[in-house]
Amino acid sequence: MSWEFLCDLLSGVNKYSTGIGRIWVAVVFTFRLLVYVVAAENIWKYEHDEFECNIKQPGCENVCFDHFFPVSHIRLWALQLIMVSTPSLLVVFHVAYRQNKHHNQRLYKSPGEIDGGLLCTYLISLILKTGFEIVFLVLFYKLYNGFKVPRLVKCNIRPCPNTVDCYISKPTEKMIFLCFLVATSCLCIVLNLSELSYLIFKYSVKCYLKRYIKRCQ
């Protein structure tokens, strides 16, 4: 799977981010994207082939695997990475539109020069990213009955003739990466909320100072 577009997107948004936003980009790129590409993808690569049940009833193993893993951890993680990164496109499109409107003049040379329109777009992107992170964490929890990977699961779904024991491959290793996934996702939520609070506070102070100066004049 190619992640070049996602890397270019994160790099482009980094130009218009605050210090906290740049930390978020670093966390997503280093601790999520690289970990996914280098290590995690290979761990879940043959998860269906390595899922074994203690019975050879035709169809039983497939049905049990589909019941306990309706969506692969790694595919859901990839979808989460894409969804939490795409709101940044709003910022890129906003800047591209404004620059095109002003005949390709370079605007927003630093985060301190962000105007009301771009600030609003940036805040919306932060809210969407935080929302997607929370939705996917809840989805992970609901689909897999918590943030854990059991060694043994018991299945009694037809066409299995009775309750059979099924064994998941490399459960400890998968559990470590799943905990890492949840931890980095929570860290990104904290960073997004911190940046959101910082920008709102900064904008509120700026508006208050403008009103104060007008009153003094």
If hydrophobic clusters are built by linking Ile, Leu, Val, Met, Phe, Trp and Tyr wherever their side-chain heavy atoms come under 4.5 Å apart, do [X] and [Y] end up in the same one?
X: Leu193; Y: Val182; answer: yes
X: Leu191; Y: Ile200; answer: yes
X: Val190; Y: Ile20; answer: no
X: Leu196; Y: Tyr198; answer: yes
X: Phe136; Y: Ile127; answer: yes

Taking atom [atom1] of [X] and atom [atom2] of [Y], what is their separation to the nearest 0.5 Å?
X: Glu61; Y: Asp66; atom1: CD; atom2: CG; answer: 12.5 Å
X: Arg32; Y: Leu81; atom1: CZ; atom2: CG; answer: 5.0 Å
X: Thr184; Y: Trp77; atom1: OG1; atom2: CH2; answer: 6.0 Å
X: Asn62; Y: Phe51; atom1: CG; atom2: CZ; answer: 9.5 Å
X: Cys120; Y: Leu199; atom1: SG; atom2: CG; answer: 12.0 Å
X: Leu187; Y: Asn192; atom1: CG; atom2: CG; answer: 9.5 Å

May I ask you to test the [X]-[Y] pair for a side-chain heavy-atom distance under 4.5 Å?
X: Gln80; Y: Ser185; value: yes
X: Lys129; Y: Ser85; value: no
X: Val28; Y: Val84; value: no
X: Tyr144; Y: Val71; value: yes
X: Tyr141; Y: Val138; value: no
X: Cys64; Y: Val153; value: no
X: Cys166; Y: Asn54; value: no
X: Pro159; Y: Val63; value: yes

Original post:
With a 6.0 Å cut-off on ring centres, are Phe140 and Phe147 close enough?
Top reply: no
Original post:
So, do Phe177 and His73 have ring centers that fall under 6.0 Å from each other?
Top reply: no
Taking all atoms of both residues into account, what is the closest heavy-atom pair of [X] and [Y], and its distance?
X: Val27; Y: Cys188; answer: CG1-SG, 3.8 Å
X: Thr130; Y: Ile189; answer: CG2-CG2, 4.1 Å
X: Pro150; Y: Ile168; answer: O-CD1, 3.2 Å
X: Gly21; Y: Tyr122; answer: CA-OH, 4.1 Å

**OP:** May I ask you to decide whether Glu173 forms a salt bridge with Arg151, counting only side-chain N to carboxylate O separations under 4.0 Å?
**Re:** no
**OP:** Mind running side-chain contact (heavy atoms from CB on, under 4.5 Å) on Asn156 and Val164 for me, showing each step along the way?
**Re:** CA-CA 6 Å; Asn156 57 0; Val164 298; over 6 Å; no
Original post:
Is there less than 2.5 Å between the SG of Cys53 and that of Cys160?
Top reply: no
**OP:** Evaluate side-chain contact (heavy atoms from CB on, under 4.5 Å) for Leu79 paired with Met83, printing each intermediate quantity in order.
**Re:** CA-CA 6 Å; Leu79 182 61; Met83 293 302 293; 4.1 Å; yes
**OP:** Determine, stepwise, if the pair Lys148 / Cys179 fulfils side-chain contact (heavy atoms from CB on, under 4.5 Å).
**Re:** CA-CA 8 Å; Lys148 60 182 182 294; Cys179 291; over 6 Å; no
Subject >> ring-ring contact (aromatic ring centres under 6.0 Å, His included) pairs, two or more places apart, involving residues 149-175 >> reply: none
**OP:** I would like to know whether Leu128 and Ile124 meet side-chain contact (heavy atoms from CB on, under 4.5 Å); could you show each step before the answer?
**Re:** CA-CA 6 Å; Leu128 288 176; Ile124 292 173; 4.1 Å; yes
